[in-house]
Amino acid sequence: MPELPEVETVRDGLERHVVGRTVRAAEVRRPYSVRRHLAGPADLAGRLAGRTLTAAVRRGKFLWLPLDHPGAPGTTPDDALLAHLGMSGQLLVRATAADVAAAEHPHLRVRLLLDDGGALDFVDQRTFGHLSVVDLEPTADDRPGGAGSDLALVPGPVAHIGRDLLDPAVDRDVVARAVRRRRTQVKRAVLDQTVVSGVGNIYADEGLWRARVHPLTPTADLDQATALRVLDGLAEVMGEALAQGGTSFDALYVNVNGASGYFDRSLAVYGQTDRPCPRCGTPVVRESFMNRSSHFCPVCQPAP
DNA sequence: CGCTCTACCTGTGTGC
DNA sequence: TGCACACAGGTAGAGC
């Protein structure tokens with residue numbers, strides 16, 4: 001389940017192994033996986049052929065690779081290959097033609113054949129993820145936590161996504177005020193990607209546990225210090241997961257599912273129903289929330 | 001405009 | 001064994 005640390009691990013792998021290479025051709029095996037590319041699979045393939053991948057950029061859980069102009073290398077890219085991994089998406093680098101041939105996979109959705117004989121494969125079991133080629137647009141960076149009037153060059157579908165807590169330009173004080181401005185519960189607020197991006201169900205539960213805040217606490221009840229403690233808890237747990245993911249990252253293999261190894265060892269409450277809270281030993285509680293689930297310690301995180 | 005809820009998708013696990 | 005169903009969950013867009 002890729003959240004911010006997993007997507008950042010993928011971005012880092014793409015930066016080191018794919019950036020600078022050129023797409024020879026794109027094969028769309030499953031049109032549904034490019035459904036956000038409104039002009040259709042053939043148009044997507046046409047816009048990728050012959051283009052060079054010039055960078056790997058991420059905001060929250062969105063990831064994009066700006067594309068060089070075929071006839072004008074070195075100019076500022078104005079479009080990009082945009083990816084969202086959804087729940088189960090993986091971007092897998094195949095180094096050689098032999099690797100490509102050996103890598104047929106029942107969940108292979110899109111294959112980008114590269115000009116050096118390798119490939120970049122988009123594999124996605126549950127197909128919540130998607131790829132598209134979209135224009136980059138100078139976007140007023142006035143989202144919560146943004147850098148005020150600065151313009152950021154981001155894909156159109158990413159324009160409404162807030163900065164994430166691992167972004168050096170994020171202002172946690174501003175994000176905390178944005179969380180408190182919402183009229184809802186704190187877990188809903190931190191899952192809202194327009195408020196703060198990159199947080200999914202797993203890290204929301206873990207961050208709230210670290211901050212000792214119940215998921216259903218009304219945002220109206222949060223003072224600034226408590227809201228900041230929640231953001232600190234989220235940033236801390238995502239930072240630790242990223243550090244672990246980075247150390248287990250395998251060269252030439254950009255993995256997502258379980259790449260960090262974090263899920264098995266370090267989760268305090270997520271998926272730990274009835275197991276003891278690592279702080280106080282009280283059994284962890286699971287409750288239904290937004291057709292999902294919330295996990296928390298009923299003692300450390302008292303109900304509002 | 002702000003908030004809430006659901007559809008989208010597929011493989012795995014569980015209960016009858 | 002076979003079937004039905006719950007579950008995992010990020011996002012866009014509809015609904016209120």
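Please read these numbers as outputs of a predicted model, since none were measured by experiment. Here is how names work: the chains are called A, B, and so on, in the same order as the sequence lines, proteins then strands, and each is numbered from 1.
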### Separation of atom CZ in A:F128 from atom P in B:dC8, rounded to whole Å
10 Å
#### Entry: Which nucleotide in B:dT10, C:dA12, C:dC7 has an atom nearest any side-chain atom of A:R286
C:dC7
### Query
End-to-end bend of the helix from B:dG2-C:dC16 to B:dC16-C:dG2 (five-pair axes, 10° rounding)?
60°
### Task
Establish whether the base of C:dA12 is bridged to the side chain of A:R36 by a donor-acceptor pair shorter than 3.5 Å.
no
### Query
Restricting to pairs with a member in residues 114-123 of chain A, which pass salt bridge (charged side-chain N to carboxylate O under 4.0 Å, His left out), not counting sequence neighbours?
A:R21-A:D116, A:R94-A:D121, A:R111-A:D121
### Geometric class of the A:H160/A:F62 ring pair [parallel <30°, tilted 30-60°, perpendicular >60°]
perpendicular
### Message
Please report the distance, rounded to the nearest Å, between CD in A:Q90 and C1' in B:dT10.
### Response
14 Å
### Task
Check whether any side-chain N or O of A:H107 sits under 4.0 Å from OP1 or OP2 of B:dG11, and answer yes or no.
yes
### Task
Find out whether the Lys NZ or Arg CZ of A:R11 is both under 6.0 angstrom from the six-membered ring centre of A:W64 and within 45° of the ring's axis.
no
### Query
Quick one: is A:S88 getting a side-chain N or O under 4.0 Å of the B:dC9 phosphate, OP1 or OP2?
no
### Query
Is any side-chain N of the basic residue among A:D124 and A:R30 closer than 4.0 Å to the acidic one's carboxylate O?
no
Distances under 3.5 Å between protein N/O atoms and the N/O atoms of nucleotides 5-7 of chain B, please, pair by pair.
residue: B:dC5; atom: OP2; partner: A:R188; partner atom: NH2; Å: 3.0
residue: B:dT6; atom: OP2; partner: A:N291; partner atom: ND2; Å: 3.3

### Query
What integer distance in Å separates A:L191:CG from B:dT4:C1'?
14 Å
### Message
Does a side-chain N or O of A:R182 approach OP1 or OP2 of B:dC3 to a distance below 4.0 Å, or not?
### Response
yes
#### Entry: Minimum-distance nucleotide (side-chain atoms of A:H84 versus B:dG11, C:dA8, C:dG10)
C:dG10
### Query
A:D124 has an atom CG; how far is it from atom P of C:dT11, in whole Å?
13 Å
#### Entry: Whole-Å distance separating the NE2 atom of A:H295 from the P atom of C:dC7
11 Å
### Query
Do the side-chain N or O atoms of A:H130 get closer than 4.0 angstrom to the phosphate oxygens (OP1, OP2) of B:dC8?
no
### A:D192 CG - C:dG13 C1' separation (whole Å)
14 Å
### Message
Rounding to an integer number of Å, can you tell me how far A:Q193 CD sits from B:dT4 P?
### Response
16 Å
### Length of the line joining A:E6:CD and C:dG10:C1', which is rounded to integer Å
14 Å
